[in-house]
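Along the sequence shown, residues are numbered consecutively beginning with 1. Source: prediction; values computed, not measured.
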Amino acid sequence: MSSFRFVCQRCNRPLKLWQGEPGEAQEDGARSMEKTDGGEPQVSASRTLPDDVGMSEQSSSNFILLGKITSLRTLSSIQKTTAEMFDILSGQKEMDLPLCEECTDNFLKQLDSQIALTELDEQIYRRYLETKVLKDEDQRETLQMELQALELEEAKLAQELKDVDENHARIAADLRAAQAETVELQLQERQHLRDFSHLKWQQQELSDQLTSVENQLWYASVQLDRLKKTNIFDATFEIREEGTLGIINNFRLGRLPSVPVGWNEINAAWGQAALLLLTLSKAIGLQFQRYQLMACGNHSYLKSLTGDCADLPLFADGRENVFWNNTFDQAILAFLDCLQQFEEEAEKQAGDLCLPYRILLEEGLIEDPTGSGEWYSVRTHLNTEEQWTKALKLMLLNLKRSLSWVSSRYHQ
């Protein structure tokens, strides 16, 4: 009979394979104790080997432990065997075969202990389950009520959540509207700032204009005060003498052989004299009776109010000998008539006007102021330039006295 050498997968002790009876190979565990050559017991185990290990054609084989057991039972092998058994019991490692009888018994004992513990746990779990079922029956109604309350609360919270979602949507819409309104307000603010700047600029301009107007008003007030103190007649008409010549507003009235004054200047002087006498008459409210003065500059004339003659010119063109021009002489006499009417009206109103040089209207003469009794004619006919110029100067001096009288009366 052939045999094979095997070792225990737990303790690594050698196993001896022996061929037993067929009936013995099928017994439970197939274990037997034999004696080795040294008289020590051996454990034999039966195990069916697979075909690829070179076993015999028998369906089962016996394994016989060879040698001394004590020689292989070292401390390290025992610790290794114990650790592997704990791994097997905890399910971390499967049991490898073949095993010796001692290892098999230990393994079976461990399985029995595990089964006992499992059955104890089963009893505990069963008692707990029974107690739990009783408690569940008692608490079912309470839990059902709590469940209903929770369902109601859930529905309420769901409704609140729906309301919150609706409020969120409404608030989001309001936020978008507020943002759009904010953008519009920002645009309006910028427009208002531009309008404010424009109005501020206009205000500055108006302030400058107001300051300018105030300055103009102040200047006008100063000028008004000055004008109130100013005699309008004296400021408008200036009469002075320069030797034999009389001058009104810088125009010489008359001419001398040594001073050949142009007729345009003489005509302008006559126009100023006519304007002065017309202004004086209006100041006292005088209406001339026979002639009306028409002050037209260097072409002034007198208009007859009786209609017995044509207009009398107070100007000459210098083309002919004016000393033979009777129309010009008639105009001068008509001017003296108007001056005499003014004197008479002033004496009626105030009685204090006294002309320095007497006038003889019919002869056209003016008295010499030296008291020599000499008279000067205002006519050009049969007269010299010196005499004519002297008479015109005396006439202007009478106008100057009349101007002073009206000026004092006007201020009063």
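Of the N and O atoms on the side chains of Glu345 and Gln349, at least one donor lies less than 3.5 Å from an acceptor on the other residue. Checking Asp163 against Gln159 by side-chain atom types alone, a donor-acceptor pair falls below 3.5 Å.
The line from CD of Glu154 to CD of Gln148 is 13.5 Å long, rounded to the nearest 0.5 Å. One distance of note links CD of Gln340 with CG of Leu361; it measures 5.0 Å at 0.5 Å rounding. For the atom pair CD of Gln209 and OG1 of Thr211, the computed distance is 10.0 Å after rounding to the nearest 0.5 Å. Within the model, atoms CG of Leu193 and NZ of Lys200 stand 13.0 Å from one another, a figure rounded to the nearest 0.5 Å. Atom OG of Ser402 sits about 11.0 Å away from atom CG of Leu396, to the nearest 0.5 Å. Within the model, atoms CZ of Phe237 and CG of Leu399 stand 10.0 Å from one another, a figure rounded to the nearest 0.5 Å.
Residues passing the salt bridge (charged side-chain N to carboxylate O under 4.0 Å, His left out) test with Arg401: none are found, sequence neighbours excluded. Every residue two or more places apart in sequence or in another chain was checked for a salt bridge (charged side-chain N to carboxylate O under 4.0 Å, His left out) with Glu160, and none qualifies. Every side chain to side chain contact (heavy atoms under 4.5 Å, CB included) that Asn398 has, sequence neighbours left out, goes to Leu339, Leu355, Pro356, Tyr357, Ile359. When the side-chain hydrogen bond (donor to acceptor under 3.5 Å, both in side chains) test is applied to Glu343, no partner is found at least two apart in sequence or on another chain. Take Arg226 and apply the salt bridge (charged side-chain N to carboxylate O under 4.0 Å, His left out) test, not counting sequence neighbours, and it matches no residue. Gln191 pairs by the side-chain hydrogen bond (donor to acceptor under 3.5 Å, both in side chains) definition with Arg194, Asp195, not counting sequence neighbours. Contacts of Glu153 classified as salt bridge (charged side-chain N to carboxylate O under 4.0 Å, His left out), with partners at least two apart in sequence or in another chain: none. Under the rule for a side chain to side chain contact (heavy atoms under 4.5 Å, CB included), the partners of Arg240 that lie at least two apart in sequence or sit in another chain are Glu238, Glu242, Ile247, Asn250.
In terms of heavy-atom proximity, Leu302 sits nearest to Phe335 at CD2-N, 3.8 Å. Closest non-hydrogen pair, Ala391 versus Val378, comes out as CB-CG1, 3.7 Å. In plain terms, the two heavy atoms of Leu245 and Arg255 that are nearest each other are CD2-N, 4.1 Å. Across all their heavy atoms, Pro313 and Ala331 have their closest contact at O-CB, 3.0 Å. Among all heavy-atom pairs drawn from Gln272 and Asn249, the shortest one is OE1-ND2, 2.7 Å. Nearest heavy atom pair, residue Ile248 against residue Ala269, reads CG2-O, 3.8 Å.
Sorted by first and then second residue, the salt bridge (charged side-chain N to carboxylate O under 4.0 Å, His left out) pairs involving residues 264-287 (not counting sequence neighbours) are Arg252-Glu265. Pairs engaging residues 292-305 under the salt bridge (charged side-chain N to carboxylate O under 4.0 Å, His left out) rule: none recorded [sequence neighbours left out]. Sequence neighbours left out, the pairs with a member in residues 288-297 that pass side-chain hydrogen bond (donor to acceptor under 3.5 Å, both in side chains) are Arg290-Asp337.
A salt bridge links Arg126 with Glu122; the closest basic N to acidic carboxylate O contact falls under 4.0 Å.
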When the side chains of residues 173-180 are checked against the rest of the protein, which donor-acceptor pairs come out under 3.5 Å, sequence neighbours left out?
none

Between Leu314 and Asn267, is the side-chain contact (heavy atoms from CB on, under 4.5 Å) condition met? List the steps. CA-CA 7 Å; Leu314 273 176; Asn267 295 335; over 6 Å; no
Go through Phe233 and Thr236 one step at a time and tell me if the side-chain contact (heavy atoms from CB on, under 4.5 Å) criterion holds. CA-CA 5 Å; Phe233 297 103; Thr236 306; 5.9 Å; no
Could you go through Ile332 and Trp388, starting from their C-alpha distance and side-chain angles, then the distance that decides it, and tell me whether this counts as side-chain contact (heavy atoms from CB on, under 4.5 Å)? CA-CA 11 Å; Ile332 296 175; Trp388 181 66; 3.9 Å; yes
Please evaluate residues Phe288 and Leu277 with respect to the criterion side-chain contact (heavy atoms from CB on, under 4.5 Å), reporting the C-alpha separation (whole Å), side-chain torsions for both, the decisive distance (0.1 Å), and the verdict. CA-CA 11 Å; Phe288 294 111; Leu277 183 57; 4.3 Å; yes
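Put simply, the side chain of Ile366 reaches to within 4.5 Å of the side chain of Met395, judged on heavy atoms. Residues Cys100 and Cys11 have side chains in contact (heavy-atom distance under 4.5 Å, counting atoms from C-beta outward). In this structure, the side chains of Asp311 and Met294 stay at 4.5 Å or more apart for every pair of heavy atoms. With a 4.5 Å cut-off on side-chain heavy atoms, Ile284 and Trp405 count as touching. By the 4.5 Å heavy-atom criterion applied to side chains, Pro257 and Glu385 are counted as neighbours. His192 places a side-chain heavy atom less than 4.5 Å from the side chain of Gln188. Residues Gln114 and Thr118 are in side-chain contact: their nearest non-hydrogen atoms beyond the backbone lie under 4.5 Å apart. At a threshold of 4.5 Å between non-hydrogen side-chain atoms, the residues Leu286 and Leu280 do not count as touching.
More than 12 heavy atoms of other residues, nucleotides or ligands shown are found within 6.0 angstrom of CD on Glu205. Other residues, nucleotides and ligands contribute at most 12 non-hydrogen atoms within 6.0 Å of the CD atom of Gln287.
In terms of modelled atom types and a separation under 3.5 Å, the side chain of Asp329 and the main chain of Thr380 share a donor-acceptor contact. The main-chain N or O of Leu403 is found under 3.5 Å from a side-chain atom of Ser407 such that the two form a donor-acceptor pair.
Using cut-offs of 30° and 60° on the angle between ring planes, the pair Phe328 and Trp270 is perpendicular.
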